[in-house]
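Please read all numbers here as calculations on a predicted model, not as lab measurements. Order of the sequence lines sets the chain letters (A, B, ...), proteins ahead of strands, with each chain counted from 1.
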Amino acid sequence: MGEVTFICKRTVISTKAVEPGKFSPLSVLDRIMEGNHVRIVLYYNLPTRRRPGELTKRLRETISEALSAYPPVIGRLVRTPEGHWTVKCNDAGVRMVEAKVNGTVQEWLQNVDREKELMLVHWEEIYHKPYFWSTFYVQITEFECGGLAIGLSCSHMLSDPTSATMLIKVWADTTLGGQTAPAPVFRPLPTPPQQAAAANTTTNPTSIDHYKSGTGGGGGGACTPPPTSTITLQFSQESVARCVAAAGPHATPFDALTALLWTRIRRIRGAGPELSLSICFDARSVLGLESGFFGSCMVFNKVAGAGLSEDVAGAATAIREAGMDGDGVMEVIEWLERESEVRLDGGNNDVVCVNLESVGVYGAVFEGDAAPLRAACYVEPVGGAGKVLIMPAVEPGGRVAAVTLPEDEAKKLLEDTWVELQGVVPVVVMGLPKK
Amino acid sequence: MQDILLKYMKLGYQYLVNHILAFLLIPTAIAVAVEILRSSPARWNSFAIDPIHLIFCSFLAVFIATVYFMSKPRSIYLVDYACYKPPVTCRVPFSTFMEHSRLILKDNPKSVDFQMRILERSGLGEETCLPPAIHYIPPTPTMDAARGEAETVIFSSIDSLMKSTGLKPKQIDILVVNCSLFSPTPSLSAMIVNKYKLRSNIKSYNLSGMGCSAGLISIDLARDLLQIHPNSNALVISTEIITPNYYKGSERAMLLPNCLFRMGGAAILLSNKRRDRSRAKYKLVHVVRTHKGADDKAYKCVYEQEDPQGKVGINLSKDLMVIAGEALKSNITTIGPLVLPASEQLLFLFTLIGRKIFNPKWKPYIPDFKQAFEHFCIHAGGRAVIDELQKNLQLSAEHVEASRMTLHRFGNTSSSSLWYELGYIEAKGRMKKGDRVWQIAFGSGFKCNSAVWKCNRTIKTTSDGPWQDCINTYPVHIPEIVKI
């Protein structure tokens, strides 16, 4: 029960030939995520029963069609004369892996853990010769008793979770045959206004702290990080509402839940004020970019841990203040363009909380009106102190928090009684591996 | 001035020689008529015809006419044909091909570089297709996958053909299938009989191992059968199944077919029935087959063998082009007298006599085949083959356009490439009634086969066929080297 059997691996190309000689440059926000990758898994229970492999065949055809709108996705990484990465749109395609699992989706979801879930989404680290390395991997896993899992993984240099989800949605719309989502837009980020370029001192000190601590260059930290586990907690709509109420005025669900989890983790770790938090958010809306903007647009900001009280409300306020507006993001972009060696490869020691509230994972419907039963998202590698991803839940208003921590801390978090805030009790949808 | 004079002299000479009979008979007839009219009516009575003589002469005339019509070979018509269009999801762009090659042959970078150089100069485009089994990493050429490819290619072509001709399965009298490298048991022809529930007294034949020129061998066989069986039709299937023949080793001479061979197939309906005469597209005029296998070098130039690691592949020798040139010369020598106008044949004869008797240093006269044919379909075996033939036969770029564009869009589809080329000419609206087409195919053995067709009715461009969605983007300029 619940055994994943690998069937085959192949390359899927687009239906429309790409004009040769085109390049798609990467922005600073893209290049800074070198070494990171995104993995998304969507689970479906499908209404009609089909012969094994029939649905996979259809999905293969529709993804070929959908990829015609994404020349950079089917291209390969090359270096520019200046030594930066860029994408050559050479029409090489994406890798597709096909697999099958015995049993039903429900049985799988009851027993799933991080290691098993990652078997549903194939990923390969960059090759010695990157020109032959596919930056996107798609896995289609059919459940023998009905059901489907779609896995998409990609280099964070080319796409963040928002764009990856958009690609899956376009694929789903093509399969369904109805109206499609807006076409993706591949263009550079807006450039900062010229007059601020001279004055270095006007940059907000904290906004680049997170980036500065990440200049690992080469090997990350001196010691290997401890083994981590991922647990997924689901907060119902009432739990979220109560948490938001307790977090004070103007708090968003992200602020409230992040504050809650941060205070819990601090207590478990006994770290006190030294444990700081960084938040990561999608800067598309503050930069005024169109929803079809394809690429990596995640911006980090450090939230100071010193001098903060133990309660949720205080933490939530600090988190909300760490949010940036358009100008703030522009300053970060400007700074990054000057410092070309910065890489975020998990070498720092903050807990990173990623705001994926606006990622529409449940919009990808492949057949009938079967929306995904569950969605999981991983942003690897997880470094330093741990990572929390806050995503929407299937239930409107609810939230899902995927928490990756060192194994023993994750265990303690599961055993936590959550007495502090009454009524805010999460349901554990994915726990630790059963030994 | 000199050139124009020479041109008009040449035209005058051609007109004179080609219509020599008219030039001789018309003055003679006029002279006789004038003589008869001039002679007095009295002389007419001396020409009294004996009734016995009259009966005898008319009996002789009828007898000769009957013998002539009985011994004349039946006319064979090509009613219609259909080419397989692979699904666009089977497309193999250059970069995907090279990437797979690099992943599979990771221990042989020199072989990978060789493949890249071949592909860059091959004349293929980015839309040629390989069967699904070859898209896997690593490729999985199982027998099941090969049968799957055969079924897809052959059944799609036949369905297409049945739709355009209204042919019913039970009406097929003769079935000839040619597929060189895949020969399962039961045969591909049995597979077709099973799928379409053909009659139990069908005359079915399966030709395997005969190389890229087997398409015309099948047409020749069908023609001979249609001579024996009156009022019949023949379904000819020409294809090459790529799945089982993907070379997995690293010998350079054997990697060439991987780069050039692509998925394709054609179904052709031939008939000798009277009622198909008006709706048929072409009439088969000649089929000329030349086999150079008696020569050892020609026999071994395309040779299937195991490489030092035991992997089976097809070895192409370095003298391939020279041998192809020799085979072509042989074929031309036979077909020339059948198709060339008298003017060209005379010139050739004079030059031949001159070289033998007067001066051996005279350049041999290459007959101008452009006067015998309006369209040429040269097997798209590779860019080198087309270049060589264009040079040898002194053809213009437009004459070889169909071959080059077929190589670009579909790759080397082996025996069916001639039909894609014919489809190109029709899709461009260039085929008019009375046009003569010359199909030339080369293949292992070494064989050079030709077929001559005459267009029976002007063919309108239709909205179906393998070229329908891309014909307007052709012809394209194919660079010498494509940078991958």
Side-chain angles (χ1 to χ4, degrees), chain A residues 6-23 53 56-68 71-78 87-99 122 124 127-138 171 174-175, chain B residues 85-107 109 112-113 115-116 119-120 124-142 144-145 148 152 243 246 408-410 469-470 473-474 476-479 481-484:
Chain A
F6 166 86
I7 300 176
C8 68
K9 180 164 86 163
R10 61 173 101 198
T11 304
V12 168
I13 41 77
S14 69
T15 50
K16 201 167 72 150
V18 173
E19 247 181 73
K22 290 217 148 67
F23 286 81
T56 305
K57 184 161 180 276
R58 168 117 178 91
L59 292 176
R60 239 187 3 251
E61 289 164 12
T62 50
I63 198 177
S64 278
E65 242 180 86
L67 286 172
S68 308
V73 169
I74 49 174
R76 295 289 179 263
L77 288 173
V78 292
V87 178
K88 181 172 178 191
C89 301
N90 68 349
D91 209 8
V94 303
R95 297 278 182 264
M96 171 174 285
V97 168
E98 293 169 30
H122 185 78
E124 287 170 19
Y127 297 167
H128 175 60
K129 291 249 170 93
Y131 193 54
F132 304 106
W133 176 64
S134 175
T135 44
F136 278 74
Y137 296 82
V138 177
W171 179 16
T174 312
T175 315
Chain B
K85 178 152 191 256
V88 74
T89 47
C90 287
R91 185 169 82 88
V92 180
F94 283 2
S95 44
T96 315
F97 185 89
M98 285 319 305
E99 205 169 272
H100 277 225
S101 181
R102 181 72 72 155
L103 291 172
I104 295 159
L105 291 175
K106 47 181 166 316
D107 303 321
V112 180
D113 286 336
Q115 279 199 312
M116 186 148 86
L119 209 55
E120 283 173 350
L124 263 67
E126 303 269 4
E127 301 191 299
T128 61
C129 297
L130 280 174
I134 310 296
H135 291 255
Y136 289 106
I137 301 171
T140 55
T142 58
D144 252 352
T152 316
T243 303
Y246 194 77
H408 184 267
R409 172 64 181 83
F410 293 100
D469 62 346
C470 59
T473 61
Y474 281 95
V476 291
H477 168 67
I478 304 172
I481 303 180
V482 175
K483 240 350 184 169
I484 299 177

(request) Let me know if A:S64 has heavy atoms under 4.5 Å from chain B in its side chain, its backbone, both or neither. (result)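 For A:S64, side-chain heavy atoms alone lie under 4.5 Å from chain B.
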(message) Report which part of A:K129 has an atom under 4.5 Å of a heavy atom belonging to chain B: side chain, backbone, both, or neither.
(response)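 Only the side chain of A:K129 comes within 4.5 Å of chain B.
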(request) Work out which heavy atom in A:R95 is nearest to a heavy atom in B:L103; give both atom names and the distance. (result)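 Scanning both residues, the minimum pair turns out to be NH2-CD1, 3.4 Å.
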(request) Mind listing the closest non-hydrogen atom pair of A:I13 and B:P93 along with its distance? (result)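 Scanning both residues, the minimum pair turns out to be CG2-CD, 3.6 Å.
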To the nearest 0.5 Å, what is the distance between [atom1] ([X]) and [atom2] ([Y])?
X     : Y      : atom1 : atom2 : result
B:F94 : A:N90  : CZ    : CG    : 12.5 Å
B:E99 : A:Y127 : CD    : OH    : 7.5 Å
A:I7  : B:T140 : CD1   : OG1   : 12.0 Å

(message) So for B:R91, is it side chain, backbone, both, or neither that comes closer than 4.5 Å to the heavy atoms of chain A?
(response)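 For B:R91, backbone and side chain are both near chain A.
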(request) May I ask you to check whether over 12 heavy atoms, not counting those of A:K9, lie within 6.0 Å of atom NZ? (result)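 Yes - once you tally the heavy atoms of other residues, nucleotides and ligands closer than 6.0 Å, there are more than 12.
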Could you tell me which of [options] has the largest number of non-hydrogen atom pairs under 4.5 Å with chain B?
options                    : result
A:D91, A:V12, A:I74, A:V18 : A:D91
A:R76, A:E65, A:R60        : A:R76
A:S14, A:P20, A:G93        : A:S14

(message) A side-chain contact here means heavy atoms from C-beta on lying under 4.5 Å apart; do A:T11 and B:I137 qualify?
(response)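 The answer is yes, as the side chains (C-beta and beyond) meet within the 4.5 Å cut-off.
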(message) I'd like to verify something: which residue of B:R102, B:H135, B:K483, B:E126 has the highest number of heavy-atom pairs under 4.5 Å with chain A?
(response)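 Of the candidates given, the most pairs with chain A belong to B:R102.
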